[in-house]
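See below for the structure under consideration.
Quick note: residue numbers are just sequence positions, from 1.
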Amino acid sequence: MLGEIRALRAAFGNDVAIRIAEQHPEAAQRIYPEFEFFGGLHTRHLMRPVWPPFMNSFHWRRTRLAVRLLRSAPWLGRALLSSRQRAHLQRMAETDIVVATGGTYFVEHYNFSAKADEVLAAHALGKPVYLFTQSMGPFRRAESRVLMRRVVEASEGVFLRDERSRRNLLEVGVDERKLGVHADAAFALAPSRPSGSEGAVATVTVGAAATVTSGGATTVRPCTARIAVSVRAWKFAATMRAAGTPESADDQADERYRRAVADAVRALARSGAEVVFVSTCQGLPEFSDDSRLAQRIVDEHLAGEPNVRVDRSFRTPTQLIDQLAGFDVAIATRMHFAILALAAGTPVVAIAYEFKSRELLRGMGWEDRVTDYNDVSADWLVARATQVLEAGAALRADVARMVEVFRADAVRPAERIATEWRRRA
């Protein structure tokens with residue numbers, strides 16, 4: 001969101017008025033008081049907590065029906081909505097442009113009908129709608145394919161952050177002219193570096209690559225490094241595997257993932273490196289808190305390791321960029337953790353729980369530095385982290401050069417939106 005806002009202000013001017021629909025508007029408002037937040041059509045916090053499940057289902061279905069009536073019978077559609085929902089529609093009616101914040105929510109392991117309803121409602125109000133840089137698909141279910149065609153038809157432009165997402169949309173039969181591939185909006189937060197500053201980076205001394213035996217015994221020659229690690233729980237591990245894999249693979253994959261991260265962290269810490277678990281998602285009770293999983297990994301597998309700690313503090317994305325600049329490598333499960341590390345000039349080794357992280361590093365020419373959640377091993381993590389550390393300043397200079405290109409590209413969707421709006425005006 002912050003990268004998108006920075007891009008929109010660069011394209012429209014700093015005086016552009018931006019209001020944000022959010023699932024947890026009170027929490028977001030507390031953290032970012034400089035913005036205006038309000039609830040959307042399906043905002044969960046607006047549902048009374050005493051309602052039984054069938055009432056929540058009724059609320060959901062009533063809202064979906066209302067959205068579909070907004071074009072053919074707008075008076076009836078509005079009548080089906082609550083006063084809060086009608087206030088949300090009125091805000092959209094008063095705006096010039098509606099932009100769906102980027103991310104990964106148009107994928108089938110999530111129910112994305114609520115996101116689609118926001119797009120379809122704005123379209124019914126006659127507003128130009130754009131989808132900022134997204135990862136999407138694949139869409140295998142017939143109902144998903146139909147809904148995505150409607151979403152793209154209702155949008156003036158759909159910006160994707162990888163070619164794979166573009167192919168996924170083309171397979172459902174959308175208008176190719178509406179699609180564009182650009183860097184993730186978060187790259188717009190990368191600080192601009194003066195020419196020649198790429199060489200002003202820390203040098204890391206590494207002895208040799210680590211060796212991890214099948215029994216877990218590890219030997220690593222001493223090195224000096226600071227390593228940041230992000231972890232996350234992932235309940236869809238089984239469904240992301242090929243057809244025919246037993247459902248029990250879900251639990252097995254989670255355990256293998258935790259064990260692989262723990263064994264790699266132990267090896268790197270015993271080599272003399274300082275290892276810190278940190279995340280883009282921590283420190284706030286209203287949102288996902290990856291530090292709980294990090295603490296579980298430490299408690300179960302790394303208790304007493306002197307060079308390992310869990311950072312549980314909340315930081316804004318720009319604060320996290322500043323923090324990550326002090327690390328020599330980031331082992332990233334969260335994709336935006338990887339992006340913010342790169343924005344800080346810190347090289348990344350990634351664990352991909354969805355295809356977006358693999359596509360991110362493929363776009364940088366580093367696909368050999370990403371492995372899948374279901375396949376991660378301590379051997380691989382230690383070897384790749386050591387490889388990055390040995391590359392030292394030269395690799396950090398490459399990161400800085402590529403991030404400059406990505407930062408400029410992250411603003412281009414906003415520039416297209418501004419150009420088309422001025423043309424209509």
Side-chain angles (χ1 to χ4, degrees), residues 3 104 135 161-162 183-191 193 198 201-202 204 206 209 223 225-232 234 257 260-261 264-265 268 273-281 290 294 311 315 317-318 320-373 375-378 380-407 409-410:
T104 308
S135 293
R161 53 192 180 193
D162 53 73
D184 186 278
F187 277 108
L189 298 176
R193 293 177 175 84
E198 297 91 340
V201 294
V204 179
V206 181
C223 68
R226 297 192 74 231
I227 301 171
V229 179
S230 87
V231 293
R232 70 154 295 166
W234 181 239
Y257 167 77
V261 171
V265 166
L268 293 165
E274 177 191 1
V275 183
V276 181
F277 285 93
V278 64
S279 177
T280 53
C281 300
D290 294 339
D311 183 332
R315 292 178 180 81
T318 50
L320 192 53
I321 289 174
D322 291 340
Q323 184 199 25
L324 289 171
F327 287 89
D328 300 295
V329 61
I331 298 175
T333 306
R334 294 272 184 189
M335 189 197 72
H336 278 112
F337 182 86
I339 290 176
L340 296 183
L342 293 167
T346 301
V348 166
V349 172
I351 303 168
Y353 60 93
E354 292 177 315
F355 67 80
K356 57 187 178 182
S357 293
R358 183 171 293 281
E359 292 300 310
L360 169 67
L361 292 192
R362 176 183 287 142
M364 304 184 82
W366 293 338
E367 193 178 1
D368 64 327
R369 294 186 190 139
V370 57
T371 189
D372 291 336
Y373 182 97
D375 301 322
V376 63
S377 69
W380 187 92
L381 288 173
V382 173
R384 292 302 183 277
T386 303
Q387 181 185 68
V388 168
L389 293 171
E390 288 176 336
L395 179 56
R396 293 181 73 99
D398 288 342
V399 169
R401 284 191 290 270
M402 281 188 277
V403 167
E404 280 293 302
V405 174
F406 279 46
R407 186 170 66 89
D409 192 41

Kindly give the heavy-atom pair with the smallest separation between Phe187 and Ala183, and that separation in Å. CD1-CB, 4.1 Å
Going from CZ on Phe337 to CG on Leu342, what distance comes out if it is rounded to the nearest 0.5 angstrom? 10.5 Å
Determine whether Thr371 and Arg384 make a side-chain contact, defined as any pair of heavy atoms from C-beta on separated by less than 4.5 Å. no
Considering all heavy atoms, the nearest Ala343-Val403 contact: CA-CG1, 4.1 Å
What's the spacing between Ile227 CD1 and Thr346 OG1 if we round to 0.5 Å? 12.0 Å
Asp162 and Ser135: side-chain donor and acceptor closer than 3.5 Å? yes
Here the pair of heavy atoms bringing Arg232 nearest to Tyr373 is O-CE1, 4.2 Å
CA sep, side-chain torsions, deciding dist, call: Tyr353, Thr333, side-chain contact (heavy atoms from CB on, under 4.5 Å): CA-CA 7 Å; Tyr353 60 93; Thr333 306; 3.9 Å; yes
Check for a donor-acceptor pair, side chain of Ser230 on one end and backbone N or O of Ser279 on the other, with a separation under 3.5 Å. no
Is the Lys NZ or Arg CZ of Arg226 less than 6.0 Å from the centre of Phe327's six-membered ring, within 45° of the axis? yes
Shortest non-hydrogen contact from Val388 toward Pro347: CG1-CB, 3.4 Å
Heavy-atom pair with the smallest gap, counting every atom of Ala344 and Ala325: CB-N, 3.5 Å
Val278 side chain near Leu320 side chain, heavy-atom distance below 4.5 Å: yes
From CA spacing to verdict: side-chain contact (heavy atoms from CB on, under 4.5 Å), Glu354, Met335: CA-CA 9 Å; Glu354 292 177 315; Met335 189 197 72; over 6 Å; no
How close do Ala264 and Val382 get, counting heavy atoms only, and between which atoms? CA-CG2, 3.6 Å
Against Arg358, only a single residue in Asp375, Asp368, Asp372 fulfils salt bridge (Lys or Arg N to Asp or Glu O under 4.0 Å); can you say which? Asp372
Would you check, one step at a time, whether the test side-chain contact (heavy atoms from CB on, under 4.5 Å) holds for Val229 with Leu268? CA-CA 11 Å; Val229 179; Leu268 293 165; over 6 Å; no
Stepwise, does the side-chain contact (heavy atoms from CB on, under 4.5 Å) test hold for Met364 with Val348? CA-CA 11 Å; Met364 304 184 82; Val348 166; over 6 Å; no
Among Asp290, Val231, Ile351, whose side-chain contact (heavy atoms from CB on, under 4.5 Å) with Arg334 holds? Asp290
Got a second to check how far Asp184's CG is from Phe406's CZ, nearest 0.5 Å? 10.0 Å
Is there side-chain contact between Asp409 and Val405, with heavy atoms separated by less than 4.5 Å? no
Supply the atom-to-atom distance Asp328 CG to Glu274 CD, rounded to the nearest 0.5 angstrom. 10.0 Å
May I ask you to say whether Glu404 pairs ionically with Arg407, meaning some side-chain N is under 4.0 Å from a carboxylate O? yes
Can a donor-acceptor pair be found between the side chains of Arg161 and Thr104 at a distance below 3.5 Å? yes
